[in-house]
Amino acid sequence: MDKDFPDIDPKLLAPYDPAQTEDRIYKLWEESGFFNPDICIEKGITKPDAEPFTIMMPPTNANGSLHAGHGLVMTIEDIMTRYKRMRGYKTLWLPGLDHAGFETQVVYEKKLEKEGRSRFGMNREELYKEILDFTLTNSSSIKSQVRSMGSSCDWSREKFTLDPDIVNVVYKTFAKLEKDRLLYRGKRIVSWCSKHQTSFSDLEIADEERTDKFYYLKYGPFVIGTARPETKFGDKYVVMHPNDDRYKEYENGQKIDLEWINGPITATIIKDESVDMEFGTGVMTITPWHDMTDFEIAERHNLDKEQIINEQGKLLPIAGEFAGLHISKARPLIIEKMQKKGLVDKIEENYKHVVHTCYKCGTIIEPQIKSQWFIKMKPLALKALEKIENSSIEYIPEHYKKISTYWLENIRDWNISRQIVWGIPIPAKICDSCDEGYVDLENQINNCKKCDQKLRQDMDTFDTWFSSSQWPFATLGFPANPDFKNYYPTDVMETAGEIIFFWVSRMIMLGLYVTGEVPFKTVYLHGLVLDAKGQKMSKSKGNVINPLDLTSKYGTDAFRIGLIVGNTPGTSLALSEDKIRSYKNFANKLWNITRFVLSVCEGEQYDSKFTKYTERDLALIKERGDFISEITKEMDEFKFYIVAEKAYHYSWHSFADIILEESKAIFLEGSNTEKISRKQFLLSTLEKIVKILHPFMPFVTEEIWSLLSAKNKDQDKNLLMVAPWPIKNL
RNA sequence: GCGCGAUUAGCUCAGUUGGUAGAGCAACCCAUUUACACUGGGAAGGUCGCAAGUUCGAGUCUUGCAUCGCGCACCA
């Protein structure tokens, strides 16, 4: 075989081998410095006055390892970045890591559990230090995995959410919110997980439909319905709708003596319009400490609130003989006692209702009244809505605009306090005696301004999303760093549709609030990556596909383009191994195309000034030009799923199957004119093909480029990653 | 309950100004050591969920319905 290819690189004699190529190529890129836009300018690749193009990588959870979803993020963002870089933009893709407060702490707690330890009873500093070590150890592995995906991000600008400069920005925002009266410390009802011992925002709550018993209990002259008799010890208000004729003999504020679970009590009638007359008996008693609705009724009527259940889910002394019991154990015992006392009217067996659970562990959320820091979201949301409605932000796919709008219109205040150690400490002091709180960045406030008691440090940390919502400007060094001036607002925010509220909408609000500008122009949301059967991947189902298994088996290029073809934004994608395998074949096809072109173009160099093309080649050039303009337009519209498919089709089924096949005859029996024309066409077309495919399949194309460079007189001697994107036929 | 999607070839999905349906994979037939078996050629496969409406013409626009998925909501 060797004698057929006297002049060919020996690499080309074997099938394309990603394993022998990828690390070497990534190293070349990284050493070139071209991931950094400043160096591209320095080296004359990018014009100093070029338009910027910026993407913030969603900060990867530092404790984890790369999953298929990350694979998709890295691929899409790298495609955008590489394309824009080739188009001459001053291109910055800034990578980062997230301490991922609660998520990481949960992972670490599981590890502790396995070791027979528990975070409770551990010293705070000790626990923090352990989680920090754990995170730092894991973070180096995730970073190498991000590299292995071919990500052309600027590692010199990498950020971590716990970096002092990021924390500093977060603190300033916290103080600014207070100054603008958008922050308050409130004794409010919050969602509490008794397993994880922390409160949550509304978004960390999952809904679960359950079938439980529904109890009708005799409460004096009334019958009240409840699914949770164990909360009823302290119920001393009985509420009904003011227009309910059944109860018109009772007046608001009227007192009634009645026999209750642990003896006689005095109840007060409350008339409130929130009661649904159609539901149950139209009468209910309220437990303001442990129920959102009840809390609101109590607030409206200025009623007492009493804690019945403690933070561990156990009954307090108010429950009398049941005190100390966990609510799950207490419920049947309470009903038994009430039945004996004749207080149970009836029990409905199959009551279907929705209960709130902790999104991590499934434990039923027990609302509790707690003093926490809240952000008033309404004013922030209104500004964001204004920007969204006047189309300052493009949503891809578009329907996410409606989804965001709906959420923003109904937004509630954001509890940003978390009772965990792994996170950014809240820079505030608390008065234990009157519960007042003070934002104190400089550590200068020591006594309560209300009651003059000595203050203590707030031991809570921020909700992770509070810091990540400031990511686009915090990473760029707001306000003074030149990067902020050069790259903000960023261009595209590409992330999972799942976290539109958690992250995207909050970034818009905080970005607008702090910098006065929407932090990005386009929101590109991708869907979930599912297994081959279209099932959500989960550890418990055992169907998790590790992207690194696929990349090592089929090559990163095959994995990347396999994730992209047919993957429209916003819709979920079934990841099939067959598909990835077929793109491995494609990488090899490109390899063989190169081998063929280089062998038949022996002795020829591509010359961009060549004009003596045959009619046939001119027609092919026209077709090629149309193809390039078409896909360039689609690249600009973020339609990567179409471009990938078309590029695949053009390379394989036009260039290889038709053009190369007919070339065989030309080189065998064609005229000299035909041969020269065809050689010029093949060389120039192959060059364009690898350029177009480079954002999708960066490794194999870069490798082919290096083999081509010897053959093409006019070819840029730099790396393909900084070669100009083809424009029509140039 | 409200909202948002989806429903097109066996499977996964494209189909952007309305002009009698496309790709990849799988399956089928044929070829063959070729730049490439990580191959080439060919054929097959769909009343575009259902029903109305607008239109000369609807996968595409309107309305209703059905099924599936997701999000939001304080029904005790």
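Everything numeric here is computed off the predicted structure, so don't read it as measured data. In what follows, every chain begins at residue 1, and chains take the letters A, B, ... in the order their sequences are listed.
Across all strands shown, A:Asp657 has heavy atoms under 4.0 Å from sugar-phosphate atoms exclusively, and none from any base. When heavy atoms are screened at a 4.0 angstrom cut-off, A:Ile593 is found touching base atoms of the nucleic acid. In this structure, A:Ala587 reaches neither bases nor backbone, as no heavy-atom distance under 4.0 Å exists between it and the strands shown. Within 4.0 Å (heavy atoms only), A:Thr568 reaches sugar-phosphate atoms of the nucleic acid but no base atom. Across all strands shown, A:Ser576 has no heavy atoms under 4.0 Å from either base or sugar-phosphate atoms. No engagement by A:Val597 is indicated, since no non-hydrogen atom pair under 4.0 Å with the nucleic acid exists. Contacts of A:Tyr216 with the nucleic acid, taken as non-hydrogen atoms under 4.0 Å apart, are absent. Looking at heavy-atom distances under 4.0 Å, A:His290 makes no contact with the nucleic acid at all. When heavy atoms are screened at a 4.0 angstrom cut-off, A:Lys579 is found touching no nucleic acid atom at all. No engagement by A:Gly562 is indicated, since no non-hydrogen atom pair under 4.0 Å with the nucleic acid exists. At a threshold of 4.0 angstrom between heavy atoms, the contacts of A:Phe586 with the nucleic acid are absent. Nucleic acid contact class of A:Asp276 (heavy atoms, under 4.0 Å, all strands): base. Residue-level contact check: A:Ile224 touches neither bases nor backbone, having no heavy atom under 4.0 Å from any strand. Among the protein residues, A:Ser274 comes within range of no part of the nucleic acid, since none of its heavy atoms lies under 4.0 Å from any strand.
Nearest-nucleotide mapping onto RNA chain B: of A:Tyr583 and A:Phe501, the residue sitting toward the 5' end is A:Tyr583. Residue A:Asn567 is the one, among A:Asn567 and A:Pro15, whose nearest nucleotide of RNA chain B lies closer to the 5' end (criterion: closest heavy atom).
Closest to the A:Glu645 side chain, of the nucleotides B:C36, B:A23, B:U12, is B:A23. Minimum atom distance to the side chain of A:Lys589 is reached by B:C36, of the listed B:A76, B:A73, B:C36. The side chain of A:Asp578 has B:A26 as its nearest neighbour among B:A26, B:A35, B:U12. When distances run from any side-chain atom of A:Lys584 to the nucleotides B:C38, B:C74, B:A73, the shortest one goes to B:C38. In this structure, the nucleotide among B:A76, B:C38, B:C36 sitting nearest to the side chain of A:Met284 is B:A76. Checking B:A73, B:C25, B:G40 against every side-chain atom of A:Ser582, the shortest atom distance belongs to B:C25.
For A:Thr571 and B:A14, the shortest distance from a side-chain N or O to OP1 or OP2 is below 4.0 Å. Neither OP1 nor OP2 of B:C36 sits under 4.0 Å from any side-chain N or O of A:Lys664. Using a 4.0 Å cut-off, no side-chain N or O of A:Lys536 falls inside it from OP1 or OP2 of B:C70. Taking 4.0 angstrom as the limit, A:Tyr406 places none of its side-chain polar atoms (N or O) nearer than this to OP1 or OP2 of B:C70. One finds a side-chain N or O of A:Arg412 lying less than 4.0 angstrom from the OP1 or OP2 phosphate oxygen of B:C74. Considering only side-chain N and O atoms, A:His399 lies nowhere under 4.0 angstrom from the phosphate OP1 or OP2 of B:A6. Considering only side-chain N and O atoms, A:Trp407 lies nowhere under 4.0 angstrom from the phosphate OP1 or OP2 of B:G3. The phosphate of B:C25 has OP1 or OP2 within less than 4.0 Å of a side-chain N or O from A:Tyr648. For B:G71, neither phosphate oxygen OP1 nor OP2 lies less than 4.0 angstrom from any side-chain nitrogen or oxygen of A:Tyr400. Phosphate proximity of B:U39 to A:Asn592: absent, as no side-chain N or O sits under 4.0 Å from OP1 or OP2.
Atom name P, nucleotides B:G22 and B:U63: the rounded distance is 29 Å, in whole Å. A gap of 12 Å separates the P atoms of B:A58 and B:G53, to the nearest Å. Atom C1' of B:A73 sits at a distance of 37 Å from the matching atom of B:C11, rounded to the whole Å. A gap of 44 Å separates the C1' atoms of B:C30 and B:U17, to the nearest Å. Separating the P atom of B:G3 from that of B:G10 is a span of 34 Å, rounded to the nearest Å. B:A6 and B:A14 have their C1' atoms separated by 15 Å, with the value rounded to a whole Å. B:G15 and B:A21 have their C1' atoms separated by 8 Å, with the value rounded to a whole Å. Distance noted for atom C1' between B:C13 and B:G19: 24 Å (whole Å).
B:A6 is paired with B:U67 under the criterion used here, namely a Watson-Crick or G-U wobble arrangement in which both key atom distances are under 3.5 Å. In this structure B:A76 sits in no base pair that meets the Watson-Crick or G-U test at under 3.5 Å. For B:U55, there is no paired base (Watson-Crick or G-U wobble, both distances below 3.5 Å). With a cut-off of 3.5 Å on both Watson-Crick or G-U wobble distances, the partner of B:U60 is given as none. Pairing for B:A23 is with B:U12, a Watson-Crick or G-U wobble pair whose two hydrogen-bonding atom distances lie under 3.5 Å.
We find that CG of A:Asp531 is positioned 12 Å from C1' of B:U12, with the value rounded to whole Å. Taking atom NZ of A:Lys679 as the reference point, atom P of B:A35 lies 16 Å away to the nearest angstrom. Atoms CD1 (A:Ile642) and C1' (B:U16) sit 9 Å apart, rounded to a whole Å. One can place CD of A:Glu637 at 8 Å from C1' of B:U16, the figure rounded to the nearest angstrom. With rounding to whole Å, A:Met292 atom CE is found 8 Å from B:C74 atom P. Protein atom NE2 of A:His356 is 11 Å distant from nucleotide atom C1' of B:C72, rounded to whole Å. Look at CG on A:Asn410: it is 10 Å from P on B:C74, rounded to the nearest Å. Taking atom OH of A:Tyr650 as the reference point, atom C1' of B:A23 lies 18 Å away to the nearest angstrom.
Taking the six-membered ring for Trp and the full ring otherwise, A:Phe696 and A:Tyr648 have centroids separated by 6.0 Å or more.
Side-chain atoms of A:Lys589 and A:Ser651 include no donor-acceptor pair closer than 3.5 Å.
The environment of A:Lys213 atom NZ is sparse: at most 12 non-hydrogen atoms of other residues, nucleotides or ligands sit within 6.0 angstrom.
Side-chain contact between A:Ile79 and A:Glu494 is absent, with no heavy-atom pair separated by less than 4.5 Å. Between A:Asp291 and A:Pro367, the closest side-chain pair of non-hydrogen atoms is not below 4.5 Å. By the 4.5 Å heavy-atom criterion applied to side chains, A:Ser191 and A:Met292 are counted as neighbours. Looking at A:Leu258 and A:Tyr219, their side chains come closer than 4.5 Å, going by heavy atoms from C-beta outward. In this structure, A:Ser663 and A:Val600 have side chains that are not in contact, with every pair of non-hydrogen atoms separated by 4.5 Å or more. A:Ile327 has its side chain within reach of A:Glu366: a pair of non-hydrogen atoms, C-beta onward, lies under 4.5 Å apart.
Note on ring orientation: taking the six-membered ring where Trp is involved, the planes of A:Trp465 and A:Phe502 are tilted (angle from 30° to 60°).
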